[in-house]
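Have a look at the structure below before the remarks.
Every value quoted in this text rests on a predicted model; they were computed, and no experiment measured them.
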Amino acid sequence: MKITFLGTGTSQGIPVIGSTHPVCLSTNPKDKRLRVSVLIEWKNYTYVVDCGPDFRQQMLNVKCNKLDGVIFTHEHADHTAGLDDIRPFYFKQGDIPIYAHKRVLKALKRRFDYIFETENKYAGAPGVKPIRIENKPFPLGDLQVVPINGWHYKLQVFGFRFDDFAYLTDMKTIDDAEVEKLKGVKILVVNALRETEHISHFNLKEALALIKKVNPEHAYLTHISHMMGFHDEVEQKLPKNVFLAYDNLEINLNNL
Ligand SMILES: [Zn+2]
């Protein structure tokens with residue numbers, strides 16, 4: 001299984017438009033972060049988790065030319081706003097499966113009404129095959145994916161475990177029973193916004209506490225704000241098995 005971080009930035013991305021914060025002005029490519037998403041590839045399967053406003057650029061960056069589906073964590077725009085750009089995949093492959101909680105599917109139907117249109121649908125609009133997921137394992141390719149339920153302040157969000165790899169984003173709280181489902185993962189990705197507290201995201205300390213509980217071989221932090229600091233400086237301060245993710249970072253789970 002190969003994981004590619006397509007984006008690792010918080011909702012505005014880094015640099016933030018118009019910002020003169022030193023991290024936004026940094027010339028280090030690792031300090032430039034598109035909105036969060038990961039590409040997951042194994043055997044012949046290719047999926048993305050979330051499809052934010054940078055989706056088109058991300059697909060071009062990694063030269064992705066086939067997509068078996070999009071799995072959504074929640075409905076916020078930084079995770080969903082790029083849905084229209086699945087068009088090139090739709091034109092080649094037909095309806096693209098989208099996996100999401102029923103509340104998220106409802107939100108997508110509202111925002112992208114033309115995609116879900118059944119009568120008089122515009123020929124250039126993309127098509128999707130909505131697949132409702134609940135908090136129980138569901139098939140994806142030849143795997144069973146395990147949803148991990150968490151809370152983004154008061155909004156329910158799903159993280160996902162794909163075999164030895166788990167991906168959590170936009171979480172602030174997670175029940176112990178859900179943490180149990182993460183036991184034994186080799187790679188854990190967790191959102192960590194910045195050092196100071198935030199109402200709906202783990203800060204660095206909270207993310208590290210969760211990582212300690214799960215105890216994976218390696219952990220990567222994502223959904224990072226410019227306020228976290230410079231990539232190279234922050235990484236110096238992290239425990240030995242914890243890293244800051246950065247855009248286009250690839251992890252090959254077979255090589256662990
Ligand atoms: Zn987000």
From CD (Q156) to CZ (R103), nearest 0.5 Å: 5.0 Å
Aromatic plane relationship, H226 with H21 - under 30° parallel, 30 to 60° tilted, over 60° perpendicular: perpendicular
Ring geometry between Y47 and Y99 (parallel below 30°, tilted from 30 to 60°, perpendicular above 60°): perpendicular
Residues, nucleotides or ligands: over 12 heavy atoms within 6.0 Å of Q12 CD: no
Ring center gap for F158 and H74 short of 6.0 angstrom: no
Distance in Å, T222 OG1 paired with D170 CG, rounded so as to fall on 0.5 Å steps: 9.0 Å
Y220 and F5 aromatic ring geometry - parallel, tilted or perpendicular at 30°/60° bounds: tilted
Neighbour count >12 (heavy atoms, 6.0 Å) for atom NZ, K106: no
Donor-acceptor pair, side chain of K66 and main chain of N44, under 3.5 angstrom: yes
Residue K183 excluded, over 12 heavy atoms near NZ under 6.0 Å: yes
K102 NZ: over 12 foreign heavy atoms closer than 6.0 Å: no
Interatomic spacing from CG in N248 to CG in L34 - rounded to 0.5 Å: 7.5 Å
